[in-house]
There are 2 protein chains.
Amino acid sequence: MALMLKDIYTRLLERGHKLTPQRWAIIAIFLMNRGRHLSADDVYSMLKETHPNNGIATVYRTLELLEEIEVLKKLDFGDGRARYEVRDEDNHHHHHLVCQSCGKIIEFEDDLLGALEMAIERKTGFRINDHVAKFFGTCAECQAKEAAQS
Amino acid sequence: MALMLKDIYTRLLERGHKLTPQRWAIIAIFLMNRGRHLSADDVYSMLKETHPNNGIATVYRTLELLEEIEVLKKLDFGDGRARYEVRDEDNHHHHHLVCQSCGKIIEFEDDLLGALEMAIERKTGFRINDHVAKFFGTCAECQAKEAAQS
DNA sequence: ATGATTGCAAAGACTTTGCAGTCTC
DNA sequence: GAGACTGCAAAGTCTTTGCAATCAT
């Protein structure tokens with residue numbers, strides 16, 4: 001089921017962390033933007049609307065903390081900044097399709113990698129905790145645009 | 001077959017680039033270190049031994065160029081710096097296993113992702129040019145160490 | 001000769017850190 | 001009250017850029 005505020009609160013307290021208004025606000029931003037891939041600066045901008053005094057350092061520290069307690073997953077789309085998404089169970093097996101033409105990120109649900117993971121564990125003895133798969137190419141819309149131009 | 005110096009020279013000239021001693025030296029470093037994942041700074045350090053006057057800016061510019069002409073592939077292992085490897089045909093279908101305990105990178109040859117790519121193209125209309133798959137976990141040696149400690 | 005390329009240093013972008021004051025538990 | 005947390009500004013790291021001098025073709 002979907003990750004909820006109460007779960008996050010529990011995880012924080014369990015590990016001796018505190019729930020401050022700033023953290024609460026940042027968590028809310030992610031819960032209200034499920035499925036998006038927010039950078040530290042995205043979060044900072046959204047946060048300033050309600051918490052104008054908040055510093056960017058707190059955003060970075062909170063993102064790090066939330067990643068540590070497995071609320072967020074850190075992503076990298078090669079644009080020079082880290083991005084984060086909520087780490088849901090529902091959400092566990094999806095990949096990102098990065099359009100090299102318009103930059104759009106498309107999600108693709110799938111668990112074919114499970115088979116690959118098992119093959120790897122069997123052949124190498126490596127124990128896998130997590131994986132990332134990204135596919136680079138051209139989305140359907142951009143292909144249509146290309147076709148129209150030629 | 002393996003990518004050779006002559007191929008690279010051809011690709012450079014075809015696109016109006018020049019083969020300078022600096023570029024030649026950087027290419028040589030990669031050809032002599034096939035299979036390694038070198039950062040800009042790695043290359044810079046190795047380069048200084050033979051070309052002490054070379055600037056780091058040239059390294060960055062050369063890496064960018066070599067990526068552009070598809071001699072190198074840019075990698076990211078989440079350690080805050082870009083890494084590069086030679087983009088061989090032989091080399092095309094391998095994944096990286098990142099050990100979260102000792103940091104070692106293990107290569108795994110495989111083409112199971114081909115099936116996944118086709119599924120994606122069929123279901124979404126997205127045209128895929130390239131992919132990256134990384135697996136995070138614990139390598140066999142580190143597992144053995146863990147077991148020995150407990 | 002001519003435009004590409006280089007080295008240097010300065011600037012940029014993103015992220016981390018030190019510290020004194022503040023707040024949660 | 002105690003230790004965790006915050007905001008600010010400074011510093012760090014990796015990467016990019018401007019420019020005059022130099023080099024490959």
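Bear in mind the structure is a predicted one, so any value in this text is a computation, not a measurement.
- Using a 4.0 Å heavy-atom cutoff across all strands shown, A/D41 reaches no nucleic acid atom at all.
- Here the C1' atom of nucleotide C/dA4 and the CD1 atom of B/I69 are 15 Å apart, to the nearest Å.
- Remark: B/D41 does not engage B/R83 in a salt bridge, criterion side-chain N to carboxylate O under 4.0 Å.
- The CD1-P distance, from A/I26 to D/dG7, rounds to 9 Å in whole Å.
- Contact check on B/D42 versus B/R36 returns no salt bridge, with no Lys/Arg side-chain nitrogen under 4.0 Å from an Asp/Glu carboxylate oxygen.
- For residues 97-128 of chain B, there are no ring pair (Phe, Tyr, Trp, His ring centres under 6.0 Å) pairs, not counting sequence neighbours.
- Using a 3.5 Å distance cut-off with no hydrogens or angles, the side chains of A/E117 and A/H131 do pair a donor with an acceptor.
- Rounded to whole Å, atom P of D/dT16 lies 16 Å from atom OH of B/Y44.
- For A/K74, the side chain to side chain contact (heavy atoms under 4.5 Å, CB included) partners two or more places apart in sequence, or in a different chain, are A/E67, A/A82, A/Y84.
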Distances for protein N or O near nucleotides 17-20 of chain D N or O, under 3.5 Å:
{"from": "D/dG18", "atom 1": "O6", "to": "B/R61", "atom 2": "NH1", "distance (Å)": "3.4"}

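- Contacts between residues 12-23 of chain B and DNA chain C, defined by a heavy-atom separation under 4.0 Å, are made by B/H17, B/K18, B/T20, B/Q22, B/R23.
- Checked options A/N33, A/L38, A/L72, A/L75; the residue passing with A/E85 is A/L75 (criterion: side-chain contact (heavy atoms from CB on, under 4.5 Å)).
- In the helix from C/dA1-D/dT25 to C/dC25-D/dG1, the rotation axis of the first five pairs and that of the last five pairs differ in direction by 40°, rounded to 10 degrees.
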Inset, instruction - Go through the steps to decide whether B/K134 and B/D76 satisfy the test side-chain contact (heavy atoms from CB on, under 4.5 Å), and finish with yes or no. - result: CA-CA 9 Å; B/K134 283 179 293 187; B/D76 172 42; 4.3 Å; yes

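- The ring-ring contact (aromatic ring centres under 6.0 Å, His included) search around A/F77 returns A/H37, A/H96, not counting sequence neighbours.
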Inset, instruction - Take B/L97 and A/T124 through the test side-chain contact (heavy atoms from CB on, under 4.5 Å) and record every step on the way to the result. - result: CA-CA 10 Å; B/L97 316 184; A/T124 67; 4.1 Å; yes

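- Distance, B/K48 NZ to C/dC8 P: 11 Å, rounded to whole Å.
- The shortest distance between the side-chain N/O atoms of A/N54 and the OP1/OP2 oxygens of D/dT6 is not below 4.0 Å.
- For A/R81, counting side-chain heavy atoms from C-beta on, the closest listed nucleotide (D/dT15, C/dA13, D/dT25) is C/dA13.
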Inset, instruction - Carefully, step by step, assess A/L13 and A/H17 under the rule side-chain contact (heavy atoms from CB on, under 4.5 Å). - result: CA-CA 5 Å; A/L13 291 200; A/H17 303 297; over 6 Å; no

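- Hydrophobic clustering places A/I105 together with A/F136 (ILVMFWY residues linked when any side-chain heavy atoms are closer than 4.5 Å, directly or through intermediates).
- Between A/G55 and B/G80, the one whose closest nucleotide on DNA chain D sits nearer the 5' end is A/G55.
- Regarding B/L63, its CG atom lies at a distance of 15 Å from the C1' atom of C/dT6, rounded to whole Å.
- Rounded to whole Å, the distance from CG on A/L47 to P on D/dT6 is 11 Å.
- Atom-to-atom, CG of A/L65 to P of D/dC5 comes out at 7 Å; the value is rounded to the nearest Å.
- One interatomic measurement links the two molecules: CG of A/D76 to P of C/dC14, which rounds to 13 Å at whole-angstrom precision.
- More than 12 heavy-atom neighbours from other residues, nucleotides or ligands sit within 6.0 angstrom of NZ on B/K104.
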